[in-house]
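The sequence lines fix the lettering, A, B, ..., with proteins before strands; numbering per chain opens at 1.
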Amino acid sequence: MIEFKDISLVYPNGTQGLKNVNIQINPGEFVVVVGLSGAGKSTLIRSINRLVTPTHGELLIDQENILNYRARDLRKLRTKVGMIFQNYNLVKRSSVMKNVISGRLGYTGTLRSLFNLYPKEDMALAYRSLERVNISEKLYQRSDQLSGGQQQRVAIARVLTQQPNIILADEPVASLDPPTSHQVMTYLRKVNKEDHITTIVNLHFIDMAMEYADRIIGMRAGEVVYDGPVSEVCEATFEEIYGRKIRDEDRVGGSDDA
Amino acid sequence: MMRKTSQPTLQGITSNQTKIRITSIFVIVVGFYLFTSIKTESSLLDLWNGKNGFINIAQNLFPPNWNYASTVLPQLIETLHMAIIATTIAAIISIPISLLSAANLFPNAFIHQPVRFIMNVLRTIPDILLALIFVGIFGVGVFPGIMALIIFSLGLLAKLVYETIESIDMNPIEAIRASGGNTLQVIGYAVLPQVLPQFVSFGLYVFEVNVRASLVLGFVGAGGIGLLLNQQVSWANYPNVMTIIIIIFVSVVIIDYISNKLRERLI
């Protein structure tokens, strides 16, 4: 369970990233955070693995306040929290396998990892992760030879190799075309259901949020302005969150009604 | 509507103010050249006055003494050895130093600034001065030459590499950090793969520079083919000098060519 208790974050330049956020996210939930760019979506999810550190309040994961964590604890936390990025963030010159096995870094000693001495089970786990996102045939290709959608699937495989309890996805489909976006979201959803991994995704497309989320959290100017199950959300809710009328560009379209 | 027909009065492409500024800068620069020429009592005319010297040297240098080549070659190989050893050691030492100098990896100014400062100081010392110092410490020979080359190329290499590190894509670094990697793992998995091709390329470049530098170092007794060249020049043995010059020239051209080709392949 993730609990935000009166969390605020002010960046060193004075920007208010988060403002009195109080939310609880239950294990296994698939939460989509929506809001316009600059609303604090990224800041919210990056607080959970401490890529940014809130300046006020308590952030509990399984009853432990992670805001006190330093070096070793922090790495242990991050090992159990996988992250997926808008730009995939693979090491482009390295092979797919090398990228995926890097999900084991938190479990592996520094020397072993630098000399690629991974246990057999870890290698097998990395391979199975690639199979789960249907890209195992690219195992030894250089990552920059893959398309955007394929790279994002490799990034999902990297996260799966971490065997995380939580997956954070920061605008995972913002650089992809509609069909590929749906494919990536479908994989995230599948992993969430199969492995019971708490998944928090930032999106700004409303149709996508509606299609994949269990629960929607709306943000505006660093504050949580909506929080509720997807069944209670309608267009008016989004207009309230965005503070304006819904436009065409707020929809990704191309949903496959299979 | 009527179009206005009055012509604006233009001063040409550049404004008069700019023209005046450019002209005065030009006059000052030319004046400075004339002043230094008079002060040092040297002018382009000296080139003409020295024409007999050119002819003398040219006559003395030809034909080169090819029998001497068998003495030159071992010295050439010694020079190459010096350059190889020095480049390798400098490359190894430059890895931790350039990592510590990179502000994107170690944002704390108390770490990267002192390291950069030391490297800047090293770079300002001319290679020949380094050689003189080390010859003073270790005596005449190959070893002081190698030491001088290591220090000289370390400053150069560390700067080239840390600037490359600062220009890498930071996204994979964030990803490795987010998956629980420690600093060394971030370096091994996200930094090194990105800088490796440039690192090898710079290594080859510094090797080229070291081959050329090691020629000069011989003049102060720091081993290699330069030692021989210095000796033969002072004995006015010009056919031998010419042999050395040709051998140096050919080998430097070959080394630069191979290393350039390799570097093109790398990037």
(message) Quick check on the interface: out of A:Arg72, A:Gln162, A:Lys80, who has the most heavy-atom pairs with chain B under 4.5 Å?
(response) A:Gln162

(request) Using modelled atom types only, decide if a donor and an acceptor are shared between the side chain of B:Gln185 and the backbone of A:Thr108 within a distance under 3.5 Å. (result) yes

(message) Counting only heavy atoms not in B:Tyr205 (residues, nucleotides, ligands), do more than 12 fall under 6.0 Å from its OH?
(response) no

(message) For a quick test of reading the model, state the closest non-hydrogen atom pair linking B:Ala178 to A:Phe85 and the distance between them.
(response) CB-CZ, 4.1 Å

(message) Is A:Leu90 in contact with chain B via its backbone, its side chain, both, or neither, using a 4.5 Å heavy-atom distance?
(response) backbone

(request) Give, as side chain, backbone, both or neither, the part of B:Ile176 having an atom under 4.5 angstrom from any heavy atom of chain A. (result) side chain

(request) Count the heavy atoms of every other residue, nucleotide or ligand shown that sit under 6.0 Å from CD of A:Glu137, and state whether that count exceeds 12. (result) yes

(message) At a 4.5 Å cut-off on heavy atoms, which part of A:Lys98 comes close to chain B: side chain, backbone, both, or neither?
(response) both

(request) To the nearest 0.5 Å, tell me how far B:Ser179 OG sits from A:Asn49 CG. (result) 10.0 Å

(request) Heavy-atom distances under 4.5 Å only: say whether A:Ser94 touches chain B with side chain, backbone, both or neither. (result) side chain

(request) For residues A:Arg158 and B:Ala175, report the shortest heavy-atom separation together with the two atoms involved. (result) NH2-CB, 3.3 Å

(message) Working to the nearest 0.5 angstrom, can you tell me the gap between B:Thr183 OG1 and A:Arg75 CZ?
(response) 7.0 Å

(request) Count the heavy atoms of every other residue, nucleotide or ligand shown that sit under 6.0 Å from CZ of A:Arg50, and state whether that count exceeds 12. (result) yes

(request) Check whether A:Arg104 gets within reach of chain B through its side chain, its backbone, both or neither, counting any heavy atom under 4.5 Å. (result) neither

(message) If I measure from the heavy atoms of chain B, does A:Val81 come under 4.5 Å with its side chain, its backbone, both, or neither?
(response) backbone

(request) Give, for atom CD1 of A:Ile101 and atom OH of B:Tyr189, the distance between the pair rounded to the nearest 0.5 Å. (result) 7.5 Å

(request) Can you spot which of A:Asn87, A:Asn99, A:Val91 makes a side chain to side chain contact (heavy atoms under 4.5 Å, CB included) with B:Pro172? (result) A:Val91

(message) Please check if the number of heavy atoms outside A:Lys76 that lie under 6.0 Å from its NZ is greater than 12.
(response) no

(message) Are there residues of residues 145-152 of chain B whose heavy atoms fall under 4.5 Å of chain A's heavy atoms? If so, which?
(response) none

(request) Could you have a look at A:Ser113, A:Pro164, A:Gly103, A:Gly106 and say which one has the most heavy-atom pairs with chain B under 4.5 angstrom? (result) A:Ser113

(request) Look up atom CE in B:Met170 and atom CG in A:Asn89, then write down how far apart they are to the nearest 0.5 Å. (result) 11.0 Å

(message) Just checking A:Gln63: does its CD atom have more than 12 heavy atoms from other residues, nucleotides or ligands closer to it than 6.0 angstrom?
(response) no

(request) Mind listing the closest non-hydrogen atom pair of A:Leu114 and B:Leu184 along with its distance? (result) CD2-O, 3.8 Å

(message) So which atom in B:Gln194 and which in A:Arg93 form the shortest heavy-atom distance, rounded to 0.1 Å?
(response) CA-CD, 4.3 Å

